[in-house]
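Both counts, for ligands and for their atoms, begin at 1 and track the order of listing.
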Amino acid sequence: MNDLLPLKPLPEPNDLTRPFWEACRRHELRIQRCLSCGRLIHYPKIICPYDHGTEFDWVRVSGRGTVYSFVGAYRAFHPGFQPDLPYTIAIVELEEGPHMMTNVMLPPAEVEIGMKVEVAFEDINEQISLPKFRPAGAP
Ligand SMILES: [Zn+2]
């Protein structure tokens with residue numbers, strides 16, 4: 001990492017999101033599951049949006065999905081992102097159903113809706129690994 005560049009803002013795990021981020025650190029993608037109705041939920045919530053259940057566990061999902069939508073970022077909203085331009089902000093539909101806002105690790109011009117992708121974790125520090133996506137089957 002270049003010490004002269006401003007650092008990017010990072011996620012700050014809390015009691016609700018800590019299981020997600022701890023799993024990411026182990027390179028596991030885990031999604032909240034409502035113990036009342038069994039549905040998978042993302043992003044983490046304190047109340048199930050389907051049946052108002054309040055008890056959850058965290059299930060490991062495949063990490064496979066498809067690009068549901070995306071946008072190219074050509075200007076940095078924070079100086080820490082300047083070196084990444086242009087980059088791709090995407091909504092990935094996980095194979096198990098939930099949608100996840102993330103990055104696809106390709107320039108926007110190389111991304112297509114419906115593209116098959118798989119999770120690839122970017123280790124940032126001792127606490128945070130970011131779940132990003134790359135084309136499925138990429139080396
Ligand atoms: Zn539920």
Side-chain angles (χ1 to χ4, degrees):
M1 181 181 294
N2 185 335
D3 292 338
L4 300 176
L5 293 173
L7 296 175
K8 294 175 185 172
L10 292 175
E12 296 178 11
N14 58 31
D15 289 346
L16 178 62
T17 62
R18 191 167 291 112
F20 177 80
W21 292 113
E22 287 178 352
C24 285
R25 195 67 194 105
R26 298 189 303 271
H27 291 193
E28 298 173 6
L29 192 60
R30 288 189 179 267
I31 299 292
Q32 199 180 30
R33 177 174 59 189
C34 174
L35 292 180
S36 171
C37 72
R39 288 186 171 97
L40 295 176
I41 298 161
H42 187 78
Y43 53 92
K45 296 174 176 63
I46 59 170
I47 296 176
C48 174
Y50 301 104
D51 72 344
H52 301 162
T54 57
E55 293 188 71
F56 305 92
D57 66 359
W58 293 83
V59 296
R60 188 170 183 180
V61 294
S62 66
R64 294 187 295 271
T66 57
V67 174
Y68 180 82
S69 184
F70 72 98
V71 64
Y74 295 89
R75 292 185 182 205
F77 66 88
H78 180 283
F81 291 85
Q82 187 74 33
D84 298 345
L85 296 176
Y87 62 92
T88 303
I89 302 164
I91 296 179
V92 165
E93 183 174 82
L94 299 175
E95 198 171 73
E96 294 82 2
H99 289 188
M100 177 175 287
M101 184 174 284
T102 182
N103 294 117
V104 172
M105 301 160 86
L106 287 175
E110 297 177 30
V111 179
E112 295 179 3
I113 289 174
M115 172 184 274
K116 301 283 186 199
V117 290
E118 62 189 9
V119 72
F121 293 92
E122 183 178 287
D123 295 328
I124 303 298
N125 60 33
E126 293 301 311
Q127 285 79 41
I128 298 295
S129 295
L130 297 175
K132 299 186 173 185
F133 285 77
R134 63 184 179 196

Query raised in the report: Centre of Phe121's six-membered ring, under 6.0 Å away, within 45 degrees of the axis: is that where NZ or CZ of Lys132 sits?
Result: no
Requested in this report: Mind listing the closest non-hydrogen atom pair of Cys34 and Phe56 along with its distance?
Outcome: CA-CD2, 3.6 Å
Query raised in the report: With the threshold set at 4.0 Å, does a side-chain nitrogen-carboxylate oxygen contact exist between Arg64 and Glu95?
Result: yes
Query raised in the report: So, are Asp51 and Arg39 salt-bridged, with charged N and O less than 4.0 Å apart?
Result: no
Query raised in the report: When you draw lines from the Zn ion (ligand 1) to SG of Cys48 and to SG of Cys34, what angle lies between them, to the nearest 10°?
Result: 110°
Query raised in the report: Which atom, counting only N, O or S, brings Asp51 closest to the Zn ion (ligand 1)?
Result: OD1
Query raised in the report: Would you say His52 has an N, O or S atom lying under 2.8 Å from the Zn ion (ligand 1)?
Result: no
